[in-house]
There are 2 protein chains.
Amino acid sequence: MNKREFKDKVYIELSKAVKALANPHRLEIIDLLAQGQFTVEQIANNTGLSVANASQHLQNLKNAKLVQINRKGNFINYSLASEQIYNALICVRELGMTFNAEVKKVISDFRNGQQEDMRAIDAETLVTMLENDEVILLDVRPEEEYSRGHIHRALSTPIDKLGNSLKKIPKRKMLVAYCRGPFCVYADEAVAILTQKGYNAVRLEEGYPEWALKGYPVEHI
Amino acid sequence: MNKREFKDKVYIELSKAVKALANPHRLEIIDLLAQGQFTVEQIANNTGLSVANASQHLQNLKNAKLVQINRKGNFINYSLASEQIYNALICVRELGMTFNAEVKKVISDFRNGQQEDMRAIDAETLVTMLENDEVILLDVRPEEEYSRGHIHRALSTPIDKLGNSLKKIPKRKMLVAYCRGPFCVYADEAVAILTQKGYNAVRLEEGYPEWALKGYPVEHI
DNA sequence: CATCTATTCTATTTATTTATTGAATAGACA
DNA sequence: TGTCTATTCAATAAATAAATAGAATAGATG
């Protein structure tokens, strides 16, 4: 094997891993799987794909060793093969958000369209606020995802049942809502509703997976 | 814009950045550009591409804002748009090397093919050794790349003129050779030659760009 | 201004990727 | 054992990406 053959082989193999990530649907699937395991149908529903199409993309990710399966009864659950995969997604997200102005534009357009000034606080600030007991932290993801793991001291208030949860929440404290990550809009929706109801609410910049990856305190049941 | 449209747009834009990296030749080009700026022809020569083809790939990278141009006389020099791009490459490299066993295999096959036990030391070890004046550090990249920037206290001993350089190098000290990065074979070739001539030589795990990115001492002229 | 040359563009062919549909499969459970 | 069902496979069509070769361009230099 000469130098050129060696380099060709190495870069071709390397590009296979990148190609597995080089598709909008697969990026969305990885982002979703960072919350935990999901069946093919759940993945299809969450991403707007047909089941067959979702399955194909999952095969693609599985071949690249980025996801793994785990059979439970009649269902097959897909999950990330390792935390490092999410790390790569964060890397790629940084790249996209830094060098593709369009990404930033789409996000700010969407948030402005919601007619809310979506201020966000970061993980470090939240840690201090939680220590001082200044805030109530709301996990607005579906309950199932909360139960798999959530930020220490967060309450489960799924976005679609937010109305019910409000009764228990006093208005005098500041609320912080978080969800799956920067491209998940549950927290935005929650802040919009809460603000409209007279609460003082902001979103957390980080989603649950990033929070956990940074080593901040989490709880599993 | 509804939720689905928003997500579709975000992930499509995000995938554009990834698609720019999802090609073996473009990965190799990025790896090369981490050494500094190169003309289209230099890039073509270094990667085994035709000039027209290299130019096309460069346009692709330019559209994704990953590389920038800088005109000098009759030539156009391409360089990475920011250090962060190389960061993304490292991320992707980690992903590939961790989850694609084939990458590791190709590398070890190639090194074994050279009939040398290619031991390597890491940056931290080297720093200590340099402080204790225990080693001579050799930059075996082309002289031009050395002159753009190199590791503090390294000598320029380009691989194709290594024979000439040897006269000045005493045999009693250990030699450490480094080059462009993990997929560059100059350091391997150098270690093979040096060992064969009776020197005690090893390669540095990191290439120059990684060394610099980690904040270890460098020198520019 | 004319020429030279590094680079880019255009057109074409070939290869790869994606979505869709309907059929096939593999495992669970009665 | 047979049925049920979640998932995958296979075939096709449509879209996108890549390599090649030759023409075009833009800027430098005399």
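Since this is a predicted model, take the numbers as computed values, not measurements. Side chains included, hydrogens not; waters and symmetry mates left out as well; all remaining heavy atoms used.
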Is A:Gln56 touching bases, backbone alone, or none of the nucleic acid, heavy atoms closer than 4.0 Å?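 Base, at least one base heavy atom under 4.0 Å.
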
Just call it for A:Ser50: base, sugar-phosphate, or nothing, with non-hydrogen atoms closer than 4.0 Å on any strand. nothing

Pair [X] + [Y]: basic N to acidic O under 4.0 Å:
| X | Y | value |
| --- | --- | --- |
| B:Arg180 | B:Glu145 | yes |
| B:Lys161 | B:Glu143 | yes |
| A:Glu28 | B:Arg4 | yes |

From the set C:dT7, D:dT8, D:dA28, return the single nucleotide nearest to any side-chain atom of B:Phe75. C:dT7

Go through C:dT5, D:dT7, C:dT7 for me and flag the one nearest to the B:Ser55 side chain.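 So the nucleotide nearest the side chain must be C:dT7.
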
[X] has an atom [atom1]; how far is it from atom [atom2] of [N], in whole Å?
| X | N | atom1 | atom2 | answer |
| --- | --- | --- | --- | --- |
| A:Leu58 | D:dC9 | CG | P | 12 Å |
| B:Asn77 | C:dT8 | CG | P | 11 Å |
| A:Lys16 | C:dT16 | NZ | P | 11 Å |
| A:Ile69 | C:dT25 | CD1 | C1' | 14 Å |
| B:Leu49 | D:dA18 | CG | P | 12 Å |
| A:Gln42 | D:dA6 | CD | P | 12 Å |
| B:Ile43 | C:dT8 | CD1 | P | 9 Å |
| A:Asn74 | D:dA6 | CG | P | 6 Å |

Answer yes or no: does a side-chain N or O of [X] lie under 4.0 Å from OP1 or OP2 of [N]?
| X | N | result |
| --- | --- | --- |
| A:Tyr78 | D:dT8 | yes |
| A:Asn53 | D:dT8 | no |
| B:His57 | D:dA17 | no |
| A:Arg26 | C:dT18 | yes |

Let me check the geometry of the helix from C:dC1-D:dG30 to C:dA30-D:dT1. What is the bend angle between the axes at its two ends, five pairs each, to 10°?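 Both end axes considered, the difference amounts to 30°.
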
With A:Val67 as reference, evaluate A:Leu33, A:Ile29, A:Ile85, A:Ile43 under the side-chain contact (heavy atoms from CB on, under 4.5 Å) test and give the passing residue. A:Leu33

Testing B:Leu194, B:Ile136, B:Leu162 for side-chain contact (heavy atoms from CB on, under 4.5 Å) with B:Ile169, which one passes?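 Single pass found, and it is B:Ile136.
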
Starting at the 5' end of DNA chain C and moving along, which residue's nearest nucleotide shows up first, A:Arg71 or A:Asn23?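 Final value for this comparison: A:Asn23.
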
More 5' along DNA chain C: A:His25 or A:Gly73, using each one's nearest nucleotide? A:His25

Could you check whether the SG atoms of A:Cys184 and A:Cys179 sit less than 2.5 Å apart, since that is the cutoff I want to apply?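 In this structure, A:Cys184 and A:Cys179 share no disulfide.
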
Quick one: pull up CG in B:Asn23 and CG in B:Asn60 and give me the separation to the nearest 0.5 Å. 7.5 Å

Does A:Arg148 make a cation-pi contact with A:Phe38, if we ask for NZ or CZ under 6.0 Å from the ring centre and within 45° of the axis?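 Verdict for A:Phe38: a cation-pi partner in A:Arg148.
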
